[in-house]
S.K.: 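If you scroll down you'll find the structure; I have some questions about it.
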Amino acid sequence: MIYDATVDGHTVRAEVRAGSGEGRYTVRIDGRPLEVDVRAAGPHTMSVIACGHAHEIFLEALEGGYRVLLRGRVLDVGLVEAARGAVAARGTAGGPARVQAPMPGKLVRVLVRAGQDVGAGQGLVVMEAMKMENEIRAPRAGRVKEAPVQEGQAVETGALLVLLE
Amino acid sequence: MIYDATVDGHTVRAEVRAGSGEGRYTVRIDGRPLEVDVRAAGPHTMSVIACGHAHEIFLEALEGGYRVLLRGRVLDVGLVEAARGAVAARGTAGGPARVQAPMPGKLVRVLVRAGQDVGAGQGLVVMEAMKMENEIRAPRAGRVKEAPVQEGQAVETGALLVLLE
Amino acid sequence: MSSFRRILIANRGEIAVRIARACRELDIASLAVYSEADRAALHVRMADEAFAIGPAPSRESYLRIDRILEVARRSGADAVHPGYGFLAENAAFARACEEAGIAFIGPRSETIALLGEKTSARRLAVEAGVPVVPGTLAPLDDLDLLRGEAERIGLPIMIKAAAGGGGKGLRLVRDASFLAAAAARARSEALSAFGDGRLYLEKALERPRHIEIQVLADHHGHTVHVFERECSIQRRHQKVIEESPSPFVTPELREHMGALAVALAVRAGYRNAGTLEFLVDAAGHPYFLEMNTRLQVEHPVTEMVTGLDLVKLQIRVAQGEPLPFAQADLRQRGHAIECRVYAEDPGQGFLPSPGRIVVLRAPAGPGLRDDSGVYEGGEVPIHYDPLISKLVAWGTDRAEAIARMRRAVSEYAVLGITTTLPFFERVLRHPAFLAGDIDTGFIERHLDQLRAAPSDEDRDIAVVAAAVRALRDRQSARAQGPVPGDATSAWRARGWRDLGPVR
Amino acid sequence: MSSFRRILIANRGEIAVRIARACRELDIASLAVYSEADRAALHVRMADEAFAIGPAPSRESYLRIDRILEVARRSGADAVHPGYGFLAENAAFARACEEAGIAFIGPRSETIALLGEKTSARRLAVEAGVPVVPGTLAPLDDLDLLRGEAERIGLPIMIKAAAGGGGKGLRLVRDASFLAAAAARARSEALSAFGDGRLYLEKALERPRHIEIQVLADHHGHTVHVFERECSIQRRHQKVIEESPSPFVTPELREHMGALAVALAVRAGYRNAGTLEFLVDAAGHPYFLEMNTRLQVEHPVTEMVTGLDLVKLQIRVAQGEPLPFAQADLRQRGHAIECRVYAEDPGQGFLPSPGRIVVLRAPAGPGLRDDSGVYEGGEVPIHYDPLISKLVAWGTDRAEAIARMRRAVSEYAVLGITTTLPFFERVLRHPAFLAGDIDTGFIERHLDQLRAAPSDEDRDIAVVAAAVRALRDRQSARAQGPVPGDATSAWRARGWRDLGPVR
């Protein structure tokens with residue numbers, strides 16, 4: 001299989017093929033071959049030995065990839081089957097910025113309204129979750145296109161709070 | 001469902017019925033009703049609250065029942081659906097006694113042969129497993145009917161070592 | 001002197017588990033209470049008995065004095081341990097226990113009231129000769145008054161909740177134009193957290209250290225201090241790493257602060273365990289901030305350096321036993337560090353990250369202690385504090401404790417929710433932290449360095465692991481016959497938010 | 001003085017994990033070796049690097065000096081840590097390391113040879129003025145000679161392997177008619193375990209205590225003892241519970257035994273960590289048994305009462321560093337107890353119980369340490385020692401340590417294999433154990449009481465849990481459509497041996 005793998009903003013081509021012998025694989029990362037010996041140690045755990053180096057890895061399936069835990073370091077790896085075409089461009093660069101609820105909670109204050117100009121870092125809404133009030137701030141400067149939320153409203157993770165243009 | 005449940009040599013009739021409300025059950029043990037609130041906390045873990053008393057329970061499925069771990073105490077519970085008839089009589093009382101391999105290992109010595117009389121506790125075979133030699137002894141006095149094993153032979157758990165009559 | 005047979009634990013999470021463990025070791029029955037969201041929580045599993053007290057929101061369960069007392073009476077509890085948070089510093093709850101003839105494991109209700117109102121605690125300190133941070137000595141309920149006092153004290157200034165604690169209702173103001181907004185936010189948070197929106201002001205010190213002194217007092221007139229805890233590593237005014245001894249505190253300062261703490265506790269007629277929080281400026285001058293009239297979250301660091309079990313001592317003192325030691329018997333041995341493992345995303349300003357824990361593997365081996373309130377497969381509810389565990393490492397010296405904690409963090413695996421563990425991995429390597437050069441602004445100041453990028457090797461191995469796993473999942477999906485949609489549909493577990501929609 | 005960068009761990013299981021953790025804390029790369037049965041073992045996951053060394057049987061992997069040294073050379077290891085068991089007391093292995101210029105973390109090969117042959121160790125003790133158990137001072141290879149010596153010494157008698165250790169090749173003989181059979185069995189076991197069938201004899205003392213002294217010696221002429229460990233609770237001549245301090249040892253006896261241990265270590269020119277085992281009779285007279293020239297399984301109890309990290313000290317001493325303390329600096333603090341969690345069935349004479357671990361939940365919280373070598377979902381292979389973990393509890397005194405250990409055992413959940421945990425639950429409640437009235441015959445003497453029947457409430461709750469689970473399994477099986485056979489077929493997991501065929 002060939003995947004386009006995105007991790008920490010870098011996208012590489014990863015070609016994975018089963019080798020001879022239990023748990024043996026060859027993974028080419030942008031052409032560089034890595035011979036690895038992989039053993040599952042439970043539904044979310046694997047032991048990977050690559051060139052003698054031993055890695056204890058925990059994995060969680062995410063939509064479109066995996067979260068990989070490497071001895072205290074967390075890396076999210078997005079995978080797209082290369083056969084299906086190139087990786088979609090990341091949405092945040094130029095276009096509108098969607099500010100979404102990072103967790104479920106209650107909106108205690110909405111600080112902006114449509115049409116208003118905001119600076120980077122300016123507070124947009126205040127959410128209460130887990131007994132704390134958390135201010136959600138603008139990721140960049142821009143004009144509020146939409147703020148389709150109301151004070152007192154309960155929102156789920158990912159709910160659109162403010163659309164900046 | 002009605003089960004005949006055998007634990008630590010005692011057999012009781014256990015009738016279990018779902019009650020009203022999530023996790024609520026009524027279990028009658030030989031007619032005595034117990035109202036319990038049961039919540040799974042993983043594939044092998046449950047929390048049982050019975051009359052206010054909280055029990056943290058770990059379970060493992062065995063053939064014909066479950067092993068139940070109750071705060072450091074292990075109880076094996078055999079279950080037979082009562083609809084299928086009475087509990088089978090326990091085999092060890094009067095008839096022949098099957099002495100089986102309690103673990104996989106190698107037989108280093110066979111100490112008895114067919115026809116020989118043995119006393120309770122007398123050594124029958126010596127097995128090597130996990131780097132130790134372990135003597136398997138007679139559960140009761142009797143005559144060796146069969147000893148279908150040879151020195152040097154590797155055996156699996158449950159293999160018949162000696163049949164006493 | 002009485003001997004408790006049954007203790008009701010009026011709390012949840014890791015601290016309820018901690019108290020249940022102490023009860024089991026003392027052969028005292030532990031009685032848990034739980035909200036509807038917590039029926040399958042670890043603290044319910046670990047207790048001897050458990051009783052439902054209402055719906056998920058704390059106001060309808062863990063903050064319901066009436067319901068908890070009814071359970072205590074009905075179940076025949078001799079005593080109540082309030083833990084921290086919730087009703088732990090609620091004088092009305094302590095009074096209700098006293099009136100019901102059930103021992104409250106903590107100070108008397110009037111002591112809680114006296115010290116819980118932060119401005120009366122400040123006045124008491126002044127009377128006891130304990131220096132306080134310059135600020136207001138009475139609560140303010142009026143914005144104009146507050147503005148006037150702020151001008152008098154001078155910026156930067158801390159706005160604090162008079163009924164406060166735990167970083168709630170607290171705001172730092174550097175610029176006068178933000179004063180009104182910050183005060184409004186603080187009041188709203190304080191009202192929501194404590195049902196009391198009154199505020200007070202303190203001068204914000206430059207790069208202060210937050211150092212606290214643990215005290216213990218019995219009912220026989222003995223009060224001792226059990227040394228200091230350094231709590232300067234904070235985010236959003238809440239502690240995340242604590243240690244003891246403080247790398248900053250000299251034997252002389254330790255003795256001085258200990259004496260101040262004992263003086264204030266004696267003046268307050270304090271009983272049971274309590275903690276005096278101080279800010280210490282760069283010159284080593286301590287200023288009393290407030291007294292927490294309950295067990296602290298970070299009590300394990302003191303336990304690991306002194307060998308004491310503070311929860312058992314709380315119970316024994318509440319039973320009327322005298323403290324089994326004098327000040328001169330107490331010794332610090334080695335060094336302990338605690339990392340608070342929160343269900344929070346440090347990459348998003350420490351926003352809470354509740355959800356189901358898919359993987360949980362705690363570290364083990366020499367010199368470690370993990371006080372957890374969760375389990376693999378369990379849920380971290382949105383309704384409560386996001387602290388899931390306290391990880392503590394002990395070493396013969398600070399360097400060994402840090403090395404051990406690094407090892408521990410590298411072993412600690414949590415997936416399904418986002419935690420502060422990867423953040424600790426980087427704090428524990430930061431040169432300023434290693435040098436002990438820390439103050440309450442540490443995290444904010446070094447935040448960029450604490451978000452270090454992964455190495456090339458880490459990226460490679462992560463890609464290898466993900467690709468091999470994807471191949472295997474695909475193969476096992478095929479082996480099980482046709483799958484609706486495509487192979488990747490099996491991956492769906494929760495939102496993939498960093499990358500956005502990739503297909 | 002050199003600084004190791006890479007240490008090869010010539011072992012597996014919990015001790016390999018323990019050593020890897022020490023390496024990680026010292027920032028030294030840990031290099032694991034593994035047999036074919038251990039590719040997915042915990043010690044491989046926890047190491048920085050890992051190398052295959054052969055098939056499952058230890059003779060073809062963990063005992064292969066040539067292969068292990070080849071890996072050490074090829075991977076650039078500076079040093080080898082042998083752990084305990086396998087090659088840890090193999091003088092040829094230590095010599096091969098020395099010759100390859102790779103530091104062996106332990107004493108010199110000639111010291112291992114001198115002390116490893118148990119009769120030469122006994123002669124050395126006699127020379128050093130250390131009392132030994134009456135018996136033979138030379139190995140015996142002839143049954144007639146052995147019979148004659150046994151008559152001279154008098155029954156009861158212990159037959160021991162001259163090359164022995166770990167309870168292997170050891171038999172107690174009370175009746176002369178069993179002497180020949182016991183000697184034959186001991187020789188066969190010794191040959192299989194050590195490749196050396198020579199035996200020696202020791203008078204069996206009446207109700208002796210097994211007490212050992214830990215020593216540490218650097219390369220600069222400093223030798224200290226690190227107090228005693230009480231190891232009297234044994235089954236099949238192998239320790240299962242150890243503690244420190246010993247409830248039997250007075251300060252005078254401690255000092256006396258410590259001085260004897262140091263005298264013998266100095267006479268042997270001992271380097272690194274070692275342990276002198278003594279039998280102590282009811283009158284308090286110690287008799288030297290043997291010296292173990294390596295880390296002991298039970299080293300954590302010493303670590304918990306002294307605060308030392310013995311594995312790190314072993315590494316530091318091997319690097320040429322002087323011991324960082326003198327005898328007078330060492331102190332015991334509180335009390336520690338270790339329970340060895342074995343994959344064994346106490347109900348069947350402690351027979352090994354290998355297999356897949358289905359559930360593993362280790363205890364946590366204050367005062368505990370779990371040094372485990374396994375994980376949930378992992379396999380305990382038939383090929384090696386059945387020790388899966390060492391659980392250690394610390395308390396301010398023996399009573400608190402025992403209470404904590406009881407709490408810990410009640411939290412420890414292992415299913416899939418049978419372990420010694422339920423057995424410990426009962427030992428820890430036995431009045432003789434609580435009173436400290438223990439000797440090496442404790443388990444045998446009290447075995448019936450250590451098999452206490454479950455209470456009525458336990459039986460009820462077990463039936464309730466099993467019945468509800470069966471109902472739920474049945475319902476979820478139905479929900480997933482028709483199942484081949486009947487609903488109970490899903491239960492099959494492994495042999496149900498206690499009940500026999502029930503249907």
Side-chain angles (χ1 to χ4, degrees), chain A residues 1 3 5-8 10 12 14 16 18 25 27 29 34 36 38 44-46 48 50 55 57-81 84 87-88 90-92 100 102-105 108 126 128-134 157-158, chain C residues 58 168 185 188-189 192-193 236 345 348-349 351-354 358-359 361 382-386 409-416 418 421-422 424-425 453-454 458-474 488 490-503:
Chain A
M1 286 296 300
Y3 297 99
T6 304
V7 55
D8 193 44
H10 300 62
V12 294
V16 55
Y25 295 87
V27 182
I29 297 183
L34 277 166
V36 294
V38 179
H44 298 281
T45 313
M46 54 166 71
V48 174
H55 304 273
I57 287 165
F58 294 87
L59 288 123
E60 179 192 358
L62 301 178
E63 211 169 297
Y66 294 89
R67 172 159 288 186
V68 178
L69 177 55
L70 275 174
R71 290 203 176 120
R73 302 176 304 274
V74 170
L75 293 94
D76 286 341
V77 182
L79 290 182
V80 183
E81 287 184 22
R84 291 168 172 270
V87 184
R90 297 193 64 189
T92 51
Q100 296 168 301
M103 72 242 160
V108 286
V126 178
E128 187 186 280
M130 286 173 139
K131 297 284 110 195
M132 295 291 291
E133 295 197 1
N134 306 288
T157 302
Chain C
S58 0
K168 281 146 195 162
R185 186 88 40 80
S188 147
E189 209 170 280
S192 149
R236 311 201 303 180
D345 189 345
Q348 303 210 26
L351 288 179
S353 167
V358 172
V359 167
R361 198 273 306 266
I382 180 71
H383 309 281
Y384 316 111
D385 189 275
V409 167
S410 80
E411 286 182 24
Y412 215 137
V414 184
L415 286 175
T418 300
L421 282 163
F424 293 133
E425 205 264 339
D458 280 359
R459 277 204 304 264
D460 278 359
I461 293 300
V463 168
V464 163
V468 169
R469 177 60 183 256
L471 182 67
R472 287 187 170 192
D473 281 359
R474 189 188 179 83
T488 54
W491 294 347
R492 198 206 55 77
R494 64 184 178 124
W496 174 256
R497 64 182 178 235
D498 286 341
L499 280 175
V502 284
R503 287 183 299 135

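Lettering of chains follows the sequences in order, A, B, ..., and the numbering in each one begins at 1.
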S.K.: Count the heavy-atom pairs under 4.5 Å between each of A/Val12, A/Ile29, A/Ile57 and chain C, then report the option with the highest count.
M.R.: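 Ranked by heavy-atom pairs under 4.5 Å with chain C, first place is A/Ile29.
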
S.K.: Whether the side chain of C/Arg361 engages the backbone of C/Glu411 through a donor-acceptor N/O pair (distance < 3.5 Å, no angle test) should be reported.
M.R.: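 Such a contact is found between C/Arg361 side chain and C/Glu411 backbone.
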
S.K.: Sort A/Val38 into side chain, backbone, both or neither according to what part of it lies under 4.5 angstrom from a heavy atom of chain C.
M.R.: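 Contact with chain C: backbone and side chain both.
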
S.K.: So, the side chain of A/His44 versus the backbone of A/Leu59: is there a donor-acceptor pair under 3.5 Å, distance only?
M.R.: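 Answer holds: yes.
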
S.K.: Salt bridge or not for A/Glu81 and C/Arg474, using N-O below 4.0 Å?
M.R.: yes

S.K.: Would you check if C/Val463 and A/Tyr3 make a side-chain contact, meaning some heavy-atom pair closer than 4.5 Å?
M.R.: no

S.K.: For each of A/Leu75, A/Val27, A/Val126, tally heavy-atom pairs with chain C at distances under 4.5 Å, and name the one with the top tally.
M.R.: A/Leu75

S.K.: Please classify the contact between A/Phe58 and chain C as side chain, backbone, both or neither, with a heavy-atom cut-off of under 4.5 Å.
M.R.: both

S.K.: If you count heavy-atom pairs under 4.5 Å between each of C/Val464, C/Val409, C/Leu421 and chain A, which one has the most?
M.R.: C/Val464

S.K.: Could you tell me if the side chain of C/Ser410 sits less than 4.5 Å from the side chain of C/Glu425, heavy atoms only?
M.R.: no

S.K.: Top residue by heavy-atom pair count (under 4.5 Å) with chain A, among C/Val414, C/Ile461, C/Val358?
M.R.: C/Ile461

